[in-house]
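In what follows, chains are A, B, ... by sequence order, proteins preceding strands, each numbered from 1.
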Amino acid sequence: MTELVLRLRAAPAFRLDLSLLTPERLAGQTADAVARLPLAYGRRSVPVGEWFDVRGTAGPRILIEGDGVRLDRIGAGMQDGQIRVEGGAGAYLGIGMRGGRIDVSGSVDAYAASGLVGGLMRIGGDAGDYLGAALPGEHRGMRGGVVIVGGRVGDRAGDHMRRGLILAEGACGDYCGSRMQGGTIATLGACGARPGFAMRRGSLVFAGPPPSPGPTFNDAGELPLGFLVLLARSWKELPSRFASLSRPSIRVRRWVGDLAFAGQGELIHWPG
Amino acid sequence: MIVNGVSVDDTFAEAFAMRGTRLIITAQTLGWARTAAVSMTGFATSVIGCGLEAGIECELDGARTPDGRPGIAVLLFATSSSELAKQLERRVGQCVLTSPTSAVFSGIASGRPLPLGKTLRYFGDGHQISKVIGGRHYWRVPVMDGEFIAEDTAAMSDAIGGGNFLILASGASQALAAAEAAIEAMRRVSGAIMPFPGGIARSGSKVGSKYKALIASTNHAFCPTLRASVDSELGPDVECVLEIVIDGLTEEAVRHSMQAGLRAVCAVGAAGGILRLSAGNYGGKLGKFHFPLRALLP
C-alpha cells in the first residue's frame with residue numbers, strides 16, 4: 001500500500017500547523033508536490049519541505065516521524081485513511097476528525113479529539129488536558145468516534161462531550177467528563193477530583209479504583225446493568241487493554257448526577 | 001407427478017410482496033425469552049384479521065445474541081411498512097417490554113429503519129438513557145426489574161408472504177401427522193416462518209364471500225363436506241385437507257421452506273395416508289411470486 005512518509009528534521013521553534021496533511025487532501029500528490037505545500041508556522045507560512053524530508057506517494061496512509069510536540073492539528077478534519085505518528089504530537093490532534101484512524105506512539109498535547117465526529121484515535125502515551133472536549137466558547141465536544149489512550153489523561157477530559165467513547169487505560173485527571181452531555185468515558189486507572197462535574201447525561205465507567213463523587217451526585221447503590229455487556233462486547237475488537245477486560249459480573253455501584261444540572265449522568269464503578 | 005405414492009398437482013403457490021423484519025428477544029433464561037416471543041407473536045396468523053403475520057424463527061444461544069443472553073429470533077410480516085411499524089410498536093410495547101428481564105434488538109443488519117426503542121423509550125417518562133455502543137443505538141428504559149434495553153430501530157426488508165401448500169389425506173390423523181412432520185422440517189429453515197397455530201391451518205380461505213362484509217371465506221373447493229355440493233377439488237377418498245402457509249424474508253427462504261415441507265410430507269407418503277399435494281393460487285393474477293410444486297420435488 002502506498003504511504004507518504006514525512007520525517008521531521010529538527011524540532012521547530014514555533015507551533016507548526018499540519019492540518020493540511022490528511023490523506024484525502026493529499027490524495028495522488030507526489031512527494032515533491034507535498035514538499036511545496038504551505039504550512040502555517042507561527043505567524044509565517046513555510047513549505048512542508050523546510051521542516052520535513054518527504055518520500056513516498058500520497059495515498060491512504062501517512063507516516064510522520066520525529067519529535068512532534070510542536071506539530072499541531074495533525075489529522076484535523078480527516079475523513080478517511082490512516083495517519084501514523086512515530087513519536088509525540090502537539091495540540092488539537094484529530095480536531096474535527098470524521099473518519100479514518102490516527103495512531104500516535106507517544107504523548108499528545110491538549111485538545112486531542114476535540115469535536116471528534118467519527119473514526120478511531122489511538123494514543124500510546126499520555127493525553128493532555130481537554131481530551132475530546134469542546135474548544136473554549138464552543139458547546140460541542142466530541143460527538144462520535146473512539147479515542148484510546150494508553151497512558152494518563154489530563155484534566156477536563158470529555159468536557160461538553162456529546163457522544164462517542166473515550167477509553168483511558170491509565171489514570172484520569174480532575175473534572176473528567178465535566179459538562180458532559182452524552183457518550184461514555186471508561187478508565188482503568190484512578191480518577192482525579194470531581195468526576196462528572198456539571199454533567200447532564202453520559203456515563204463514566206471506572207473499571208479500576210472507585211471514583212470520589214462530588215456532593216451533587218447521589219449514590220444509587222449496587223445493581224446489575226445489562227448495557228455493560230453490550231459495552232464490553234463493543235470493546236473486544238479495539239486495539240486496547242479494554243478488549244481483554246474481564247469482569248465476573250455486571251453488578252456495579254452507580255451514582256447519578258450532576259444533580260445541580262439535569263442529573264441524568266452516571267458514575268459507574270465496575271470492579272474486577 | 002407421483003412421489004412415494006403421493007400425487008403432486010401441476011399447480012403453484014402464489015405469494016405476495018410484503019414487508020418484514022426480524023427481532024431478537026433476549027432474557028435471563030431461554031424460557032423467558034420464549035415467553036416474550038410467544039406473547040408477541042400471538043394472534044398473528046393472518047394479515048386479514050391480525051394486522052400482521054409473525055412467528056418464532058429459531059432459538060439463539062448467548063454467542064449469537066447482542067447481549068450474550070439466550071434469545072429467540074422472531075419474524076414479522078405486514079402488507080405495508082406503516083402497518084408493520086404500528087404493529088411492532090404495539091406488540092413489543094405490550095408483550096416484550098412487559099416480560100421480565102427481556103431486551104429487544106434488531107435482527108437484520110441493514111434496511112429501512114423501523115422505530116423500536118425510538119418510540120418505546122417514552123415509557124421511561126424522561127428517565128430513559130440513550131447509548132450509542134459500537135455504532136448501534138440503544139435505549140435504556142428504567143423498569144421495575146432494572147432496565148429494559150431496546151435497540152433504537154429495527155431494519156425492514158422486502159419480504160414474501162403467502163407461500164403455501166395443501167396436504168390432502170385419507171383422514172384427519174394422517175393429515176395432521178404429515179403436517180407436523182412438515183413443520184418440524186420447515187422450522188430448520190432460517191428466514192421463514194409458518195404463522196398459523198402450530199404452523200398449520202385447517203381453515204384455508206378464498207378471496208371474497210357471498211356476504212359483502214367479508215373479504216375472505218372458506219375455501220369451499222377443498223372442504224370435504226362440500227364435495228357433493230360445490231365445484232369440488234376433492235375426490236371421494238379425501239377426508240381431510242390441511243394447509244401450511246409460509247412467510248419469508250426472501251424468495252429463496254420461502255422456496256427452501258416449502259421444499260423441506262413438501263419433502264417431509266412425501267416421506268410420509270401414501271403409506272401414511274397422504275393422497276395428494278396441492279397449492280393455493282389466484283390464477284397467477286394477484287401474486288408476484290409463483291412456486292410450482294413439481295419444481296420443488298422430489
* Measuring heavy-atom distances to chain B, does A:L223 have an atom under 4.5 Å in its side chain, in its backbone, in both, or in neither? -> neither

* Which bit of A:L165 is near chain B, if near means a heavy-atom gap under 4.5 Å: side chain, backbone, both or neither? -> neither

* **side chain to side chain contact (heavy atoms under 4.5 Å, CB included) evaluation trace for B:I24 with B:I72** => CA-CA 6 Å; B:I24 295 174; B:I72 300 284; over 6 Å; no

* Decide yes or no on side chain to side chain contact (heavy atoms under 4.5 Å, CB included) for A:R156 and A:D174, but give the supporting numbers first. => CA-CA 6 Å; A:R156 292 271 189 182; A:D174 297 341; over 6 Å; no

* To do: Under 4.5 Å heavy-atom distance to chain A, tell me which part of B:F148 shows up: side chain, backbone, both or neither.
  => neither

* Around atom CZ of A:F217, are there more than 12 heavy atoms of other residues, nucleotides or ligands at under 6.0 Å? -> yes

* To do: With rounding to the nearest 0.5 Å, note down the distance linking CD1 in B:I160 to CZ in B:F289.
  =>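 Interatomic distance, B:I160 CD1 to B:F289 CZ, rounded to 0.5 Å: 4.0 Å.
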
Please report the closest heavy-atom contact between [X] and [Y], naming both atoms and the distance.
X: B:A185; Y: B:A260; value: CB-O, 3.8 Å
X: B:V38; Y: B:I56; value: CG2-CD1, 3.8 Å
X: A:P239; Y: A:I148; value: CD-CD1, 3.8 Å

* Asked: Hey, which of B:G68, B:G134, B:G126 has the most heavy atom pairs under 4.5 Å with chain A?
  -> B:G68

* Report the residues that fulfil ring-ring contact (aromatic ring centres under 6.0 Å, His included) with B:F291, sequence neighbours left out, ordered by chain and then residue number. => none

* Look only at the side chain of A:S114 and the backbone of A:A133, and say whether a donor-acceptor pair between them is shorter than 3.5 Å. => yes

Distance-only check: which donor-acceptor pairs of chain A and chain B lie under 3.5 Å?
unit_1 : atom_1 : unit_2 : atom_2 : d
A:G183 : O      : B:K131 : NZ     : 3.0
A:T184 : OG1    : B:K131 : NZ     : 2.8
A:S203 : OG     : B:K131 : NZ     : 2.7
A:R233 : NH1    : B:T65  : O      : 2.6
A:R233 : NH2    : B:G62  : O      : 3.2
A:Q264 : NE2    : B:G126 : O      : 2.5
A:E266 : OE1    : B:R140 : NH2    : 3.0
A:E266 : OE2    : B:R140 : NH1    : 2.6
A:E266 : OE2    : B:R140 : NH2    : 3.3

* Structure fact -> For residues 178-196 of chain A, the salt bridge (Lys or Arg N to Asp or Glu O under 4.0 Å) pairs (sequence neighbours left out) are A:D159-A:R179

* Asked: So which of A:Q82, A:R84, A:R122 actually passes side chain to side chain donor-acceptor pair (under 3.5 Å) with A:D103?
  ->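 For A:D103, the side chain to side chain donor-acceptor pair (under 3.5 Å) check succeeds only for A:Q82.
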
* Asked: Who in residues 191-201 of chain B is close to chain A, using a strict under-4.5 Å heavy-atom cut-off?
  ->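 Counting heavy atoms that sit under 4.5 Å from chain A, no residue of residues 191-201 of chain B is involved.
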
